[in-house]
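Just follow the structure's listing: the first ligand is 1, and inside any ligand the first atom is 1.
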Amino acid sequence: MQIFGVDIGGSGIKGAPVDLDRGDLAEERFKVLTPHPATPDGVADGVRQVVEHFGWAGPVGLTFPGVVTGGSTIRTAANVDKSWVDVDARALFTERLGGLATTVVNDADAAGVAEMNFGAGRGRRGTVILLTFGTGIGSAVFVDGELVPNTELGHLELGGHDAEKRASSKAKDDGELTWEHWARRVTKYLAHVEMLFSPELFIIGGGVSRKSEKFLHFIEGIQAEIVPAQLQNNAGIVGAAMRAAKDG
Ligand code: BGC
């Protein structure tokens with residue numbers, strides 16, 4: 001079965017039909033740039049362009065970089081336009097897509113669902129935490145394979161700061177930090193999350209998962225196993241489609 005997945009990020013809106021049996025894209029994905037400011041209206045237009053590119057006429061799952069309740073309502077917007085807060089995103093996207101059924105899910109939760117089923121978390125029991133390092137830090141917490149949604153661990157306090165402001169990959173770029181310097185911050189952050197949840201496994205996602213050889217060896221003193229995500233750039237698209245399939 002195929003469902004369309006869309007990943008709404010700070011720089012791009014990417015989508016493709018997803019083959020749910022393989023947990024992979026059925027066609028090469030198509031991307032448009034995220035408008036700035038990333039308002040509901042502008043983003044919905046970008047989503048329409050991506051879906052129309054494929055002439056898609058079935059259900060669509062979408063990620064959003066903030067808290068999303070009930071597959072629909074946006075509750076926070078840390079790194080996108082604040083006018084998203086309280087928007088009924090399902091109604092907005094369904095209207096803009098000419099009536100197609102839509103489901104909206106937090107971006108890290110979507111990536112986590114994909115990794116647990118088809119990637120680095122496959123078959124893993126106990127507490128597993130996927131953390132995505134990008135513009136912000138996203139989190140997806142699983143207990144025996146079940147997602148605890150909207151955990152928002154990127155906003156834990158770290159040394160008096162919002163953790164994602166210190167340890168996201170944007171913080172690395174903005175501060176021109178070396179991999180080692182950034183990895184020391186990530187280590188402190190992981191130690192804090194470990195103190196709270198004692199997970200068996202951390203999965204490191206986001207763009208940096210492709211460069212794990214540059215920093216994983218600098219992370220020391222964490223009890224949990226630490227592995228890079230495997231689905232990398234497509235995890236959000238695949239996970240969004242999986243959620244939409246679950247919603248029927
Ligand atoms: C948001 C999360 C999101 C993460 C990654 C954070 O700022 O609060 O909801 O998952 O960024 O995009």
Trainee: Against heavy atoms of Gly138, which atoms of ligand 1 measure under 4.0 Å?
Mentor: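 Listed by number with element, the hits are 4 (C), 5 (C), 10 (O).
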Trainee: Say whether Ser11 and Thr34, considering side chains only, have a donor N or O and an acceptor N or O under 3.5 Å apart.
Mentor: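 Thr34 and Ser11 do not have a side-chain donor-acceptor pair below 3.5 Å.
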Trainee: Could you tell me whether Asn106 approaches ligand 1 through its side chain, its backbone, both or neither, with non-hydrogen atoms closer than 4.0 Å?
Mentor: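 It is the side chain that touches ligand 1; the backbone stays farther off.
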Trainee: Give a yes/no on ligand 1: does Gly66 have at least one heavy atom closer than 4.0 angstrom to it?
Mentor: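 It does; at least one heavy atom falls under 4.0 Å.
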Trainee: So is Thr132 polar-close to ligand 1, meaning N/O to N/O under 3.5 Å?
Mentor: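 Checking ligand 1 against Thr132, no N or O pair falls under 3.5 Å apart.
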Trainee: Report yes or no: do Ser83 and Thr39 form a side-chain donor-acceptor pair below 3.5 Å?
Mentor: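 There is no such pair between these side chains.
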Trainee: Would Trp182 and Phe218 count as a close aromatic pair, with their ring centres under 6.0 Å?
Mentor: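 Judged by ring-centre distance (under 6.0 Å), Trp182 and Phe218 do not meet the cut-off.
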Trainee: Using heavy-atom distances, let me know which of Asp107, Thr63, Leu153 sits nearest atom 3 (C) of ligand 1.
Mentor: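 Checking each option, the heavy atom nearest atom 3 (C) of ligand 1 is found in Asp107.
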Trainee: Counting from 1, what ligand 1 atoms have a heavy atom of His155 closer than 4.0 Å?
Mentor: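 Contacts of ligand 1 toward His155, numbered from 1: 1 (C), 6 (C), 7 (O), 8 (O).
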Trainee: For Glu164, is at least one N or O under 3.5 Å away from an N or O on ligand 1?
Mentor: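 Yes, Glu164 has an N/O under 3.5 Å of an N/O on ligand 1.
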Trainee: Between Ala78 and ligand 1, find which residue part has any heavy-atom pair under 4.0 Å and reply side chain, backbone, both or neither.
Mentor: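 The answer is the side chain of Ala78.
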Trainee: Can we say Arg184 and Glu220 salt-bridge, meaning some charged N sits less than 4.0 Å from an Asp/Glu carboxylate O?
Mentor: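 Looking at Glu220 together with Arg184, the answer is no, because their closest N to O distance does not fall below 4.0 Å.
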Trainee: Any salt bridge (charged side-chain N to carboxylate O under 4.0 Å, His left out) pairs touching residues 72-96, not counting sequence neighbours?
Mentor: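 Found Asp41-Arg96, Asp45-Arg96, Arg75-Asp86, Arg90-Asp247.
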Trainee: Would you check whether Ile137 reaches within less than 4.0 Å of ligand 1, judged by its heavy atoms?
Mentor: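 True for this residue.
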Trainee: Ligand 1 and Glu152, any nitrogen or oxygen pair closer than 3.5 angstrom?
Mentor: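 N/O-N/O distance below 3.5 Å exists for this pair.
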Trainee: Taking C-beta and beyond as the side chain, do Leu20 and Met242 meet within less than 4.5 Å on heavy atoms?
Mentor: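 A side-chain contact under 4.5 Å exists here.
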Trainee: Can you confirm whether Met116 sits close enough to Arg122 that some side-chain heavy atom of one is under 4.5 Å from a side-chain heavy atom of the other?
Mentor: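 With C-beta onward as the side chain, the pair stays apart.
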